Amino acid sequence: MSDSLLDHVPVVPVVVVDDPDDAVPLARALVEGGLPVIELTLRTPAALEAMSRISASVPEILLGAGTVVTPHQAKLAADAGAQFLVSPGATPSLLAGLRDTGLPFLPGAATVSEVMALLELGYTELKLFPAEASGGLGLLKSIHAPLPGARFCPTGGITAATAASYLALPNVGCVGGTWITPSDVIARKDWATVAELARAASALAPSSPKAAVLSSTETHPPAKRTAAAAR
Ligand SMILES: O=C(O)C(=O)C[C@H](O)[C@H](O)COP(=O)(O)O
């Protein structure tokens, strides 16, 4: 398994769970569909319980927590079994809280200056959020020339129809999105459809080999552990 959070799967399913009972069958459906990674958002009261259940029952999935916006949430997610953390943005105190967990994480950025600030701190693998709203493909193409050391998981507004265009960019490792686990599909507990959507997403081409070269030359911040090592 790759040591980069961006290189496990082409599409990271971003999941909102309202009922903790849905967590395990949903995670199993993603694994069955060939996407053994989940970014479970901390947007619902059920999220931490869902995370604990997945951690206990679906060890074959790489379990991430999304929407981590406070240091306290970072700790709660780590305690619930998260193996990586994702934040929509990055503040100094949040970055400290993320680092304190010892887990790998993707800090969010949406502008050139935000990306530069994170690069200065040694973070080279970032979430671009909100991807479509902040400039999407055009922004990523423009950023690549001046900031070739930054690699992204663009998330926010990406669909099954647009994911491949993102994945073709040299500074994109994977994309994130909710389209693999639509709320209506979860509500009717239609795990076969989740597996089918995951299968289609897992078949998307990974990012170009050039991206792997970029990542091999990046500087790793001391606290940045690999996803593989965290398992
Ligand atoms: O809050 C966060 O930390 C997030 O992760 C936000 C999600 O990335 C987007 O909400 C993705 O949602 P879609 O645009 O439906 O794919």
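On a predicted model such as this, the values are computed, not experimentally measured, just so you know. Just so you know, ligand 1 is whichever comes first in the structure, and atom 1 is the first atom listed for that ligand. The first residue in the sequence is number 1, and the count goes up from there.
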Considering residues at least two apart in sequence or located in another chain, which fulfil the side-chain hydrogen bond (donor to acceptor under 3.5 Å, both in side chains) criterion with D19?
none
Test ring-ring contact (aromatic ring centres under 6.0 Å, His included) on F152 and Y166 and set out the steps.
CA-CA 10 Å; F152 297 91; Y166 279 92; over 10 Å; no
Residues which pass side chain to side chain contact (heavy atoms under 4.5 Å, CB included) with A23, listed by chain and number, not counting sequence neighbours:
A50, I54
Residues forming a side-chain hydrogen bond (donor to acceptor under 3.5 Å, both in side chains) with D18, sequence neighbours excluded
none
Please check if any side-chain donor atom of T162 sits under 3.5 Å from a side-chain acceptor atom of T159, or the reverse.
yes
Report all N/O contacts between ligand 1 and the protein shorter than 3.5 Å as a table of atom names and distances to 0.1 Å; if there are none, say 'none'.
from: ligand 1; atom 1: 1 (O); to: T67; atom 2: OG1; distance (Å): 3.2
from: ligand 1; atom 1: 3 (O); to: T67; atom 2: N; distance (Å): 3.1
from: ligand 1; atom 1: 3 (O); to: T67; atom 2: OG1; distance (Å): 3.3
from: ligand 1; atom 1: 5 (O); to: E39; atom 2: OE2; distance (Å): 3.4
from: ligand 1; atom 1: 5 (O); to: K127; atom 2: NZ; distance (Å): 2.5
from: ligand 1; atom 1: 8 (O); to: K127; atom 2: NZ; distance (Å): 3.1
from: ligand 1; atom 1: 10 (O); to: R43; atom 2: NH2; distance (Å): 3.0
from: ligand 1; atom 1: 14 (O); to: G157; atom 2: N; distance (Å): 2.7
from: ligand 1; atom 1: 15 (O); to: T178; atom 2: OG1; distance (Å): 2.4
from: ligand 1; atom 1: 16 (O); to: T178; atom 2: N; distance (Å): 3.0
from: ligand 1; atom 1: 16 (O); to: T178; atom 2: OG1; distance (Å): 3.3

For the side chain to side chain contact (heavy atoms under 4.5 Å, CB included) test, which of T41, L76, T101, L98 pairs with V68?
L98
